[in-house]
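As the structure lists them, so they are numbered: ligands from 1, and atoms in each ligand from 1.
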Amino acid sequence: MSRTASLLNDCFLHDKDRLRHAEVLDLLKERLTTVVGTEECALEEALGRFLSTPVVAPRDVPLHDNSAVDGYAFSHADYLQSQTLRAGPVIAAGDLEHYAVGDKQAARIFTGAVIPDGADTVAMQEDCTVTDDQIAVPPGLKKGANLRKSGEDIKSGEVVTPPGKRLRPQEIASLASLGLSEVSVYRRVRVAIISTGNELVEAGEETPIATGQVFDSNSAMLRALCASLPVTVSRLGIVPDVASTVEETIARAAATHDVILTTGGASRGDEDHVVATIDRLGKRHAWQIAIKPGRPMTFGQIGDCVFMGLPGNPVAAFVCFLLYCRPAFTILGGGEYIEPTRFPVTAGFSIDRKKPDRREFVRGWLTAGDSGPVAMKFERDGSGLISGLRAADGLIELDEETRSVTIGQTVSYIPFSEFGL
Ligand code: AMP
Ligand code: MG
C-alpha cells in the first residue's frame with residue numbers, strides 16, 4: 001500500500017474524561033495527517049478525488065482574443081470616425097487562417113472565432129444594418145465590447161487548483177479546458193466496514209429472520225455514506241460478539257486498510273468485545289463525547305491503521321460518521337477539511353428542556369416561512385429510528401449552552417449537502 005506518512009504513535013491520546021464536539025474535531029485536525037500516497041488518474045475518472053499536486057496553467061484560456069457573439073469585428077478608433085464600415089473577411093470558429101481588417105473595415109465574425117488583427121471591438125449582428133458591402137454599426141459601443149480576451153478565464157502560470165482540493169465537475173471542466181487529460185491525486189483511503197452484534201443478520205430476501213434478530217442496516221448505510229468520499233470500501237460483513245472472532249477480523253483488516261470502521265459493541269457491555277480487542281492489538285481511546293446522538297465512540301489505532309468504532313444505533317452511527325469519520329477520512333486522504341457551514345434559521349419547533357453541556361444534532365428539514373426558512377424537526381427522538389434520518393435534509397445543531405428552544409428563535413442548521421450528501 002503506498003503511503004506518504006505514518007500516524008503519530010498514540011495519535012488520539014488526550015487527558016479529558018469527556019470531550020466536547022469542537023475538542024474532538026481539533027484533535028482530529030491536529031493529530032491526523034495525510035497517510036495515502038499519490039497516483040495519476042484520468043481526468044474523466046477524477047470526480048470527487050483529492051488533488052495531490054497543484055495544477056499550474058500551462059497556457060492561457062482562452063488562448064486567443066475571440067468574439068463573444070455572432071457579429072462584426074472592427075477597430076474602435078475607426079468606428080469613432082465613422083459608424084459605417086466596409087465589409088471585410090468572414091471568420092468562423094475553428095478557422096485557423098490569419099485575418100486582418102483594413103482601414104474602416106469590419107469582419108463578419110462568429111462566436112468563438114479569433115479576432116482579426118486591427119480589430120478590438122465586436123458589434124452584435126442583430127444591432128447592425130448590412131447593405132451591399134456596407135455595415136452600419138449602432139452608436140454607443142465601448143472599446144472591447146463583445147470580445148473575450150485571451151487568458152480572461154485562466155492565465156498561463158496561474159495555480160488553477162491547489163492540492164487537497166476535491167475535484168468537482170467545475171474543476172474537471174477547468175482542467176480539461178487547459179488540455180489536461182490526467183491529474184495527480186491522492187490514492188483512495190481503504191476503509192474496512194464491520195458490523196458487530198450477535199443479533200445481526202445479513203440483509204437479503206432469502207434470509208430467514210427470527211424474533212430477536214435484526215437485519216444489518218449499518219453496513220449498507222456506511223458504504224453509502226462513504227460513496228461521497230474518495231475511499232474504497234471493503235465490507236467485511238457481520239462479526240458476532242465472540243472475542244476471538246472480533247479480534248481475528250480486526251487484526252486481518254488492519255493489515256490491509258487505512259481505516260477500520262465498526263458499528264456496535266463499543267460500549268462496555270459484557271458482549272462488547274471491540275474495546276478489548278483494540279486494547280490488545282493497539283491503542284484505544286474511548287471517547288465520551290458530549291453530543292447527542294453519539295456515545296459511545298471508540299477511536300484508536302492498530303499500527304498505522306486508524307480505528308473508529310461507531311455506536312450500533314443507526315442514527316448515532318450516521319451522525320457520528322458525518323461529524324467525525326468524514327473529517328478524518330478527508331485528512332487521511334489528503335483532502336482539505338472544510339467545516340460545514342451553519343445557516344441561521346427560525347425554529348419551527350420547541351424543546352422544553354435540553355441538557356446543558358452537550359451538543360445535540362437534531363434531525364430536521366427546512367420549510368419556507370414568511371420571513372425566511374423555518375427549521376422543523378422529526379417529532380420522535382429515538383436513535384434507532386432511521387425514519388428520522390429519512391425525513392431529514394440536515395441537522396439542527398443545539399450547542400452546549402442551549403437549554404431550551406422556543407418557536408421563532410434562531411437555530412443553526414447544517415444541510416446534509418454540507419456533508420457531501
Ligand atoms: P450496540 O452499540 O452494539 O450496543 O447496539 C446498539 C443498538 O443498535 C442495538 O439495538 C443494536 O441491535 C443496534 N445495531 C447494532 N448494530 C446494528 C447494525 N449493524 N444494523 C442495525 N442495527 C444495529
Ligand atoms: Mg451490539
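Shown in contact with S195 at under 4.0 Å from a heavy atom are these atoms of ligand 1, numbered in order with element: 19 (N). Less than 4.0 angstrom separates some heavy atom of D216 from each of these atoms of ligand 1: 18 (C), 19 (N), 20 (N). Taking every heavy atom of F215 and a limit of under 4.0 angstrom, the matching atoms of ligand 1 come to 20 (N), 21 (C).
Under the 3.5 Å distance criterion, with hydrogens and angles disregarded, a donor-acceptor pair is assigned to the side chains of S228 and R326. In this structure, a donor-acceptor pair under 3.5 Å is absent between the side chains of S184 and T38. Judged by distance alone, the side chains of D304 and S6 do bring a donor and an acceptor atom under 3.5 Å apart. Between the side chains of S404 and D352, no donor-acceptor pair of N or O atoms lies under 3.5 Å.
Aromatic ring pairs are classed by plane angle as parallel below 30°, tilted from 30° to 60° and perpendicular above 60°; the pair Y324 and H21 is tilted. Relative ring orientation between F74 and Y79 is described as tilted, the plane-to-plane angle lying within the 30° to 60° band.
Under the salt bridge (Lys or Arg N to Asp or Glu O under 4.0 Å) rule, E397 has a single partner from R342, K354, R363, K292, which is R342.
Heavy-atom proximity to atom 11 (C) of ligand 1, evaluated over E199, Q213, M221, is greatest for E199. In the candidate list G312, S219, P314, G312 is nearest to atom 2 (O) of ligand 1, counting heavy atoms. One option in L222, N313, I193 has a heavy atom closer to atom 7 (C) of ligand 1 than any other, and that option is N313.
Between G264 and ligand 1, no N or O atom pair is found at a separation short of 3.5 Å. Note: an N/O pair closer than 3.5 Å links S217 and ligand 1 by distance alone.
Residue L200 touches ligand 1 through its side chain alone, judged by heavy-atom distances below 4.0 Å.
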